Amino acid sequence: MYLGVDYYPDYWPEQLMDEDLDGIVGLGANIVRIGEFAWHRMEPREGQYDFSFFDRVLEKVKSRGLKVMFGVPTATFPAWLAAKHPSILSRDETGAVRAFGGRRQYCYNSPEYREYALRLTRRLVEHYRDEPAIVAWQVDNEFGHEGSDMCWCPNCHAAFQRFLEEKYGSIDRLNETYGTIFWGQTYNDFSEIPMPLPTITTHNPSLRLDWARFRSRSLNGFAEALVRTVRECKGDHQSVTTNLAGGFFHKWFDHAEHARLYDFISYDHYPVWGGLREPLSPGELGMNLDFVRGLTGKPFWIAEQLIGAQGHDLIGYLPRPNQARMWSFQAFARGCSNMLYFVWRAMDRGAEQFCTGIVDQDNARGRKYEEVRSVFRDIAPHAELVESDIEAETAVLYDHDNIWSWRFQPQSEAFDFTREMLRLYDPFHRLNCLTDVIPADRDFARYKVLLVPVMQIMERTLADRIRAFAEAGGTVVFSFRTGIKDKANNLHFGMPQPGHVADLCGIRIRAYEALPKGERVRLAAAPDAGGEDLPREAHAEVWRDLIEPVSAETLYRYDDPFFPHAAVTRRRLEGGGTVYYVGCGLDDRAMRAIARIIVRERKICYIDSDPGVEVVERRVRGRRYRFVMNHNGREASFQGRRLNPYDSFIVPVDEA
Ligand code: GLA
Ligand code: ZN
């Protein structure tokens, strides 16, 4: 198990290095990450490579027995490169060239950038290929983060047209698929096709989805070239990874496809950042960690674990004592096997003066230093436990085409994709049920419950797989707008909604309504659904599908004289399977009641705990352990044990 810090010796006077490294060792650390933004230090002028500084760093690191994750520094390029080749700079949707000065302002489709980046990568990795202390290469930094996944430059426009020609073969086929007859947009040639730049009204939905797919292909294509070069040059003892940023559903690239490039995936875990007044909820943090684990199905590293308040020009929430420790334990509980904290010391100059770390600019070893040391001390004995399999019985499905389709057309001003994922995920998280968050094309036959949030794009293939799952006895929960579109982002024609799963759900959707922000509609539990502990009254927000049950029972209907339709239905299949259709943004209390019914019916492992007390049970060598995290800023209790605010610990189950 590697436990360490992100360290930037290139930012500080060299005479500080010994003191810094001794302080890092004093934490109980055994690894440092270095080099991730140091391209200019390695190539101060074109073609003049100089690794002597990092040679000296490595000598000092090795003399203390520390290992190294080395950053391939292509996220920030030298000013001389931008001056010589301004075409490497990406452009925003107004066509403005993004200025040198931030980071990741390069275009993924710039041939010049790729040439220089690969050359630097080759020289760096070859230089250290036999370095035993370097155990991993981190490629670039947070691909696609901070808006860098989108570029509207001429490189990208030409590449997009080539991408479309490769995909469709003929312009007629593209016109037919897109329905460009609408508004007289028929193209005679691929060279006429625009990027979906700002226009009057809105662009063709098929064009926009293909543009999103192209963005993903551009980013993953560049990453692929970098990783291929690292693999050609590195030592066999060195792994390849990258550090993923959060905000997965707001990025323009397929994370699962991206993750396949690496030996393991790393994640930058920031429960709160910038001007946020408070951290993300325990459920959203859990879902994010489960999403990262779901990318590969294997343990992941955390390359950057938050320890102090973080922000560029805006900062906000200050983590309370032991709260960062608690978040660290939550990460270990959900699949993290190795962790580095960001950052050893906050920088005194440059854009991240307010990104505080273990040590602040006063260079003193204070509370945060002790907090990190306590994490390393308490987690180190559990190396085997944190590598153990996580046997989830529930899975949440997502699909990037579907995510992007919603980003272009949210339909309701109140729609937020992450919120709709959480609407189905959180009730099971609150019951401490282990849940995987996986791409829809992953095999899901082994689970007991499948949660399928707002999967509006659904072709027959996925519908058939979900049907087979239900007919084999599985429980499925769909939410609203399911199955209305095809992979071209067009509405299914001649088919009742919810499309290919209408018969599986045993319903028809007769009409629908987008609800504005803040509006809630009342629901009433159906009389015969009273037998179960469903709240008699509930409400819905964001959206409502007006459902006509065909072979399903009604659990809730709209309390509305005009539209007394079913709002939430359930169909029992002969084979024991059950299919819920939640045709609205159902409130959390009702969702939790449904989750409890499902968990009891399917005999799923769950652990009751106070609100804000998260418990994750893992097993290794036949013994069961529980990670207990108190997300509350107040005392709580778990099974009779008093928990201090932000308490976090691991206990064997017989002691829990
Ligand atoms: C990201 C980057 C780091 C640093 C931190 C600051 O995670 O990977 O380089 O900018 O944010 O919070
Ligand atoms: Zn571009």
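Each ligand, and each atom within it, is numbered from 1 in the order the structure gives. In this text, all values refer to a predicted model and were calculated from it rather than measured experimentally.
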Q: Distance under 6.0 Å and angle within 45° of the ring axis: does R320 meet both against Y646?
A: no
Q: Do any protein N, O or S atoms sit under 2.8 Å from the Zn ion (ligand 2), and which ones are they?
A: C107 SG, C151 SG, C153 SG, C156 SG
Q: Distance under 4.0 Å, heavy atoms only, partner ligand 1: which residues pass?
A: E36, F37, R103, N141, E142, N243, D268, Y270, W273, E304, Q310, F342, E352, C355
Q: By side chain to side chain contact (heavy atoms under 4.5 Å, CB included), which residues pair with Y49, not counting sequence neighbours?
A: E43, F51, R119, L120, R123
Q: Using 0.5 Å steps for rounding, measure from the CZ atom of R293 to the CZ atom of R334.
A: 7.0 Å
Q: Specify whether F160 and F163 have parallel, tilted or perpendicular ring planes, treating 30° as the upper limit for parallel and 60° as the lower limit for perpendicular.
A: parallel
Q: Write out all pairs satisfying ring pair (Phe, Tyr, Trp, His ring centres under 6.0 Å) with one or both partners inside residues 9-37, taking only residues at least two apart or from two chains.
A: Y8-Y11
Q: Report the relative orientation of the aromatic rings in F143 and F222; use parallel for angles under 30°, tilted for 30 to 60°, perpendicular for over 60°.
A: perpendicular
Q: G246 and K251: which non-hydrogen atoms are nearest, and at how many Å?
A: O-NZ, 2.7 Å
Q: Indicate the atoms forming the closest heavy-atom contact of A309 with Y317, along with that distance.
A: CB-O, 3.6 Å
Q: Should the pair F70 and W137 be assigned to parallel (<30°), tilted (30 to 60°) or perpendicular (>60°) ring geometry?
A: tilted
